[in-house]
Amino acid sequence: MMTVFRQTLLCLLLLWLPVSWAAEPGWMRSPDNDHASVRLRADTSAGGETRLLLDVKLEDGWKTYWRSPGEGGVAPAIAWKEEMPAVDWFWPTPARFEVANITTQGYHDKVTFPMVVRGRAPATLSGVLTLSTCSNVCLLTDFPFSVTPTAQDPTFAHDYAQAMGQIPLASGLTDALSAGARAGELVVEAHRAGGWTAPGLYLDAVDDADFGMPQIHVEGETLRATVPVHDGWGEGAPDLRGKSVTLVLADNGVAQESRLAIGEAPVVENASLPLWQVVLMALLGGLILNLMPCVLPVLGMKLGSILLVEEKSRRQVRRQFLASVAGI
């Protein structure tokens, strides 16, 4: 009897799990990827304009990507079933990930992408969302969807405003901003009154160029970021001078997106030490060398060769000592 009860309870639990998942309206999961859930909502209450929200939830340790993933990854994309007018896709400020010297830009935990349809949208929006999610492995998953815009969702306006609050602003973070290129590097300089707390720099892709991990140096109100540049094969860096780059600079919850013309970065001059420091370091190195096991016994042999030889004048002995000291 107890066995029958346990089997019945197990069956009820198995039936309950999908019901609990379905209790969250609109969320989709793929049988090929149980690490991500997605939801697409559409609204027409803002003066007839069609707005969309794409929600993505990821399990711990999983991430998806920004519009420019970096040195690896694939950005989310939608293939619409019907012919659509232009759709503006807004991208929240990303985070940076580095694994095995590969730097990528994206999101973890959860992220919401707001969108706006520029023009008359179909009555029903259908398509396929392609989402790349990565942990120690990467999965490229398709999520077919069909959603009808509605003006009856009371929470949509709040969620949309909250999502747009995560989108970088066009200004307001920096007082001055510039970008320059030199051999193998992109240099971004920014000035901010009040200084910097924990800045982050995220770069859009530029033709034939991959960007590595930025090295950020802050001195007072000035930020200087040096970004390694190489081609898609990790070899020689393309010449970025005269091109444009779109970047997001973030600090302490505020982010700014800017498009900059890339000029000439200042050449780094090799710092040279004063002569007296070079001589002092050489002298110290020589003294340390004389304490090495292969050199120290030779000093005793040299001393013995001088002291044990008879019929040498004091002048000759002094000369040999001076020669030995000079060599040391």
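Every value quoted in this text rests on a predicted model; they were computed, and no experiment measured them.
The two residues T112 and P92 come nearest to each other via the heavy atoms O-CG, 3.3 Å. Summarising the geometry of A121 relative to T50, their closest heavy-atom pair is CB-OG1, 3.7 Å, with the distance given to 0.1 Å. In terms of heavy atoms, D251 sits closest to A198 at OD1-N, 2.6 Å. Taking both residues in full, the closest heavy atoms of M164 and P114 are given as SD-CG, 3.5 Å, listed atom of the first, atom of the second, then distance. Of all heavy-atom pairs spanning T44 and P149, the tightest one is CG2-CB, 3.5 Å. Taking every heavy atom of both residues into account, L186 and I262 meet most closely at CD1-CG2, 4.0 Å.
Hydrophobic clustering, with ILVMFWY side chains joined whenever heavy atoms are under 4.5 angstrom apart, groups V147 together with V87. Connection of V187 to I216 is not established within any shared hydrophobic cluster, with ILVMFWY side chains joined at heavy-atom distances below 4.5 Å, either directly or through further cluster members. Tracing side-chain contacts under 4.5 Å through hydrophobic residues (I, L, V, M, F, W, Y), one reaches I167 starting from L53; they form part of the same cluster. Cluster annotation: L131 and V128 are assigned to distinct hydrophobic clusters (Ile/Leu/Val/Met/Phe/Trp/Tyr, side-chain heavy-atom contacts under 4.5 Å, transitive). Under the 4.5 Å side-chain heavy-atom criterion for Ile, Leu, Val, Met, Phe, Trp and Tyr, L40 and V111 are members of the same hydrophobic cluster.
To the nearest 0.5 angstrom, R29 atom CZ is 4.0 Å from S37 atom OG. Put simply, OH on Y107 and CD on Q166 are 10.0 Å apart, with the number rounded to the nearest 0.5 Å. In this structure, CG in L223 is found 10.0 Å from OG1 in T174, a value given to the nearest 0.5 Å. The CG atom of L201 sits 10.5 Å away from atom OG1 of T226, with the distance rounded to the nearest 0.5 Å. L249 CG to Y202 OH: the interatomic distance, rounded to the nearest 0.5 Å, is 9.5 Å. The distance from the NZ atom of K110 to the CG atom of L58 is 11.5 Å, given to the nearest 0.5 Å.
Counting heavy atoms from C-beta on, the side chains of R192 and E221 never come closer than 4.5 Å. Proximity of L203 to S68: side-chain heavy atoms (C-beta onward) are nowhere separated by under 4.5 Å. Using a 4.5 Å heavy-atom cutoff, the side chains of K57 and W27 are in contact. Looking at heavy atoms from C-beta onward, D32 lies out of side-chain contact with D142 at the 4.5 angstrom threshold. Using a 4.5 Å cut-off on side-chain heavy atoms (C-beta onward), P76 and W89 make contact. In this structure the side chain of R120 never reaches within 4.5 angstrom of the side chain of P85, judged on heavy atoms. Residues R96 and P214 have side chains in contact (heavy-atom distance under 4.5 Å, counting atoms from C-beta outward). With contacts defined as side-chain heavy-atom distances shorter than 4.5 Å, the pair R51/S45 qualifies.
Side-chain contact of T133 with N33: a donor-acceptor pair under 3.5 Å is present, judged by distance alone. Using modelled atom types, one finds a donor on one side chain and an acceptor on the other under 3.5 Å when comparing T246 with R259.
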Decide side chain to side chain contact (heavy atoms under 4.5 Å, CB included) for V137 and H35; before the verdict, give the C-alpha distance in whole Å, the side-chain angles of both, and the deciding distance to 0.1 Å.
CA-CA 11 Å; V137 297; H35 305 290; over 6 Å; no
Please lay out, stage by stage, how L173 and W196 fare under the test side chain to side chain contact (heavy atoms under 4.5 Å, CB included).
CA-CA 10 Å; L173 179 67; W196 304 85; 4.3 Å; yes
Kindly indicate, with the supporting measurements, whether the criterion side chain to side chain contact (heavy atoms under 4.5 Å, CB included) is fulfilled by E257 and W91.
CA-CA 10 Å; E257 181 174 320; W91 299 85; over 6 Å; no
Determine, stepwise, if the pair D208 / D231 fulfils side chain to side chain contact (heavy atoms under 4.5 Å, CB included).
CA-CA 6 Å; D208 303 322; D231 64 10; 5.7 Å; no
Evaluate the salt bridge (Lys or Arg N to Asp or Glu O under 4.0 Å) criterion for residues D204 and R67: first the C-alpha distance (whole Å), next the side-chain angles of each, then the deciding distance (0.1 Å), finally the verdict.
CA-CA 8 Å; D204 253 328; R67 65 185 181 219; 2.9 Å; yes
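When atom types are taken as modelled, the side chain of T64 and the backbone of S132 share a donor-acceptor pair closer than 3.5 angstrom. A distance-only check finds a donor-acceptor pair linking the side chain of S135 to the backbone of G61 [under 3.5 Å].
Between F145 and W80, the angle of the ring planes goes over 60°, which puts this pair in the perpendicular group of the 30/60° scheme.
Enclosure of atom CG in D34 by more than 12 non-hydrogen atoms of other residues, nucleotides or ligands within 6.0 angstrom is indicated. More than 12 heavy-atom neighbours from other residues, nucleotides or ligands sit within 6.0 angstrom of NZ on K243. Atom CZ of R118 has more than 12 neighbouring heavy atoms from other residues, nucleotides or ligands inside a 6.0 Å radius.
Aromatic rings from W66 and F113 are positioned such that their centres are separated by 6.0 Å or more.
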